[in-house]
Amino acid sequence: MSVEPRQLVEVRGMRARDVPAVLEIEQVSYGYPWSERIFRDCLRVGYRGWVATDLDSRIVGYALLSVAVGEAHVLNLCVAPDARGHGVADRLLDALIGQAEYECAERVLLEVRPSNKAARRLYKRRGFQRIASRPGYYPSPDGREDALLLELALV
């Protein structure tokens with residue numbers, strides 16, 4: 001089932017009971033997915049998490065953010081394959097940036113694979129700028145893939 005923009009009901013805080021649905025999206029989206037434990041640990045230590053839901057209350061996307069010492073870091077942002085291209089990632093990114101601003105972060109940082117063209121377009125459209133590379137950051141079938149380190153200045 002595709003998610004039309006009008007069908008996205010809400011972006012709300014992630015709860016522990018959301019982790020199984022989040023994990024399903026994670027596993028179909030990444031060759032090297034996070035484990036259930038990583039998601040649960042993120043929530044346990046107080047990282048901010050959100051989920052996007054459709055009219056049927058189905059989770060169609062999620063995002064996690066850490067904020068400390070004036071910096072926010074996007075840890076994960078993912079949309080279910082059948083919900084991509086309908087503004088879900090934009091709505092989740094709005095929640096992340098809003099939280100960063102609320103917590104007085106001066107900037108938002110994130111890593112993205114150079115091969116993830118859709119994510120790179122989203123972040124560029126939203127004003128993120130490349131500030132560095134992280135060599136060998138991501139696992140890949142061919143060994144390791146670099147990450148692009150992007151920044152959105154909030155101040």
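Values reported hereafter were calculated over all heavy atoms of this structure, with side chains retained and with hydrogens, waters and symmetry mates removed. A quick note: this is a predicted structure, and the numbers were derived from the prediction, not measured.
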Exercise. Roughly how far apart are R58 CZ and D82 CG, rounded to 0.5 Å?
Worked result: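 R58 atom CZ to D82 atom CG measures 4.5 Å (nearest 0.5 Å).
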
Exercise. Which ILVMFWY residues can you reach from V28 by hopping between side chains whose heavy atoms are under 4.5 Å apart?
Worked result: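 Reading the cluster by chain and number, V28 sits alone, since nothing else belongs.
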
Exercise. Does any pair with a residue in residues 115-136 pass ring-ring contact (aromatic ring centres under 6.0 Å, His included), and if so which ones, sequence neighbours excluded?
Worked result: Y123-F128

Exercise. For F39, which residues count as a ring pair (Phe, Tyr, Trp, His ring centres under 6.0 Å) partner, sequence neighbours excluded?
Worked result: W34, Y62

For [X], enumerate each residue passing the side chain to side chain donor-acceptor pair (under 3.5 Å) test, keeping only those at least two apart in sequence or located in another chain.
X: S29; answer: R84
X: R125; answer: D90
X: S35; answer: none

Problem set entry | Test item: R144 side-chain N/O and Y137 main-chain N/O as donor-acceptor pair under 3.5 Å | yes

Problem set entry | OH (Y47) with more than 12 external heavy atoms under 6.0 Å | no

For this session: Taking atom OH of Y30 as the centre, report whether more than 12 heavy atoms of other residues, nucleotides or ligands fall under 6.0 Å from it.
Result: yes

For this session: Start with the C-alpha distance between R48 and E103, add both sets of side-chain angles, then the distance that settles salt bridge (charged side-chain N to carboxylate O under 4.0 Å, His left out), and finish with yes or no.
Result: CA-CA 11 Å; R48 310 319 185 259; E103 294 193 39; 2.8 Å; yes

Exercise. Hey, are the side chains of M14 and V22 touching, using non-hydrogen atoms and a 4.5 Å cut-off?
Worked result: yes

Exercise. Can you check whether I131 reaches E151 side chain to side chain, under 4.5 Å on heavy atoms?
Worked result: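 They are in side-chain contact.
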
